[in-house]
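To keep things clear, I will list the structure first and then write my remarks on it.
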Amino acid sequence: LGMRLRYDFNARWVGQLSADLGGTNTTDHFSYNWAALLGYKPSKYLTNSTWYLGYRYLYQHYDTGSGRNTFDWNMRLFGPVLGVNFSL
């Protein structure tokens, strides 16, 4: 399950929020992710691109097995992101 909201402030600036949630159940196999981005569209060079700066948070949990065969993956990844999108 996911969503993305995008808002064009004007011809050059854009804001974007995105989030998703997934997995097979709510206790041992699930993940969620969200990102908040601010984008800039250059007007002179690379006019078909949008440059983004923002923040992302990813959480994953996977737990299976028992006893000595237990595998428990519990991970958080977060921090600033920088990226570019090219369009035709």
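Everything numeric in this text was worked out from a predicted model, so none of it was measured.
For Trp51, there are no ring pair (Phe, Tyr, Trp, His ring centres under 6.0 Å) partners two or more places apart in sequence or in a different chain. The ring pair (Phe, Tyr, Trp, His ring centres under 6.0 Å) test applied to Phe9 returns Tyr7, not counting sequence neighbours. Contacts of Asn48 classified as side-chain hydrogen bond (donor to acceptor under 3.5 Å, both in side chains), with partners at least two apart in sequence or in another chain: none. Legend: residues meeting side-chain hydrogen bond (donor to acceptor under 3.5 Å, both in side chains) with Arg76, ordered by chain and number and at least two apart, are Tyr57. Residues that satisfy the side-chain hydrogen bond (donor to acceptor under 3.5 Å, both in side chains) test with Thr24, not counting sequence neighbours, are His29. Scanning for side-chain hydrogen bond (donor to acceptor under 3.5 Å, both in side chains) contacts around Ser43 gives Arg12, with sequence neighbours left out. Not counting sequence neighbours, the partners of Tyr32 by the ring pair (Phe, Tyr, Trp, His ring centres under 6.0 Å) test are Tyr59.
For the atom pair CG of Leu37 and CG of Asn85, the computed distance is 10.5 Å after rounding to the nearest 0.5 Å.
Other members of the cluster containing Tyr62 are Leu58, Phe71, Trp73, Met75, Leu77, with ILVMFWY side chains joined at under 4.5 Å, either directly or via other members. Side-chain contacts under 4.5 Å among hydrophobic residues (ILVMFWY), followed directly or transitively, place Leu82 together with Leu53.
The shortest non-hydrogen separation linking Asn10 to Trp13 is OD1-N, 3.0 Å. Of all heavy-atom pairs spanning Pro42 and Ser49, the tightest one is CD-O, 3.4 Å.
Residue pairs meeting the salt bridge (charged side-chain N to carboxylate O under 4.0 Å, His left out) criterion with at least one partner in residues 47-74, sequence neighbours excluded, do not occur; the list is empty. The salt bridge (charged side-chain N to carboxylate O under 4.0 Å, His left out) pairs that include a residue from residues 2-11 are Arg6-Asp8, where partners are two or more places apart or lie in different chains.
Residues Leu38 and Val14 do not share a hydrophobic cluster, clusters being chains of Ile/Leu/Val/Met/Phe/Trp/Tyr side chains in contact below 4.5 Å.
Residue Leu5 qualifies as enclosed at atom CG: its count of foreign heavy atoms under 6.0 Å is above 12.
The backbone N or O of Gly67 sits less than 3.5 Å from a side-chain atom of Thr70, completing a donor-acceptor pair.
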N/O donor-acceptor pairs under 3.5 Å from side chains in residues 16-23, not counting sequence neighbours:
{"residue": "Asp20", "atom": "OD2", "partner": "Asn33", "partner atom": "ND2", "Å": "3.2"}

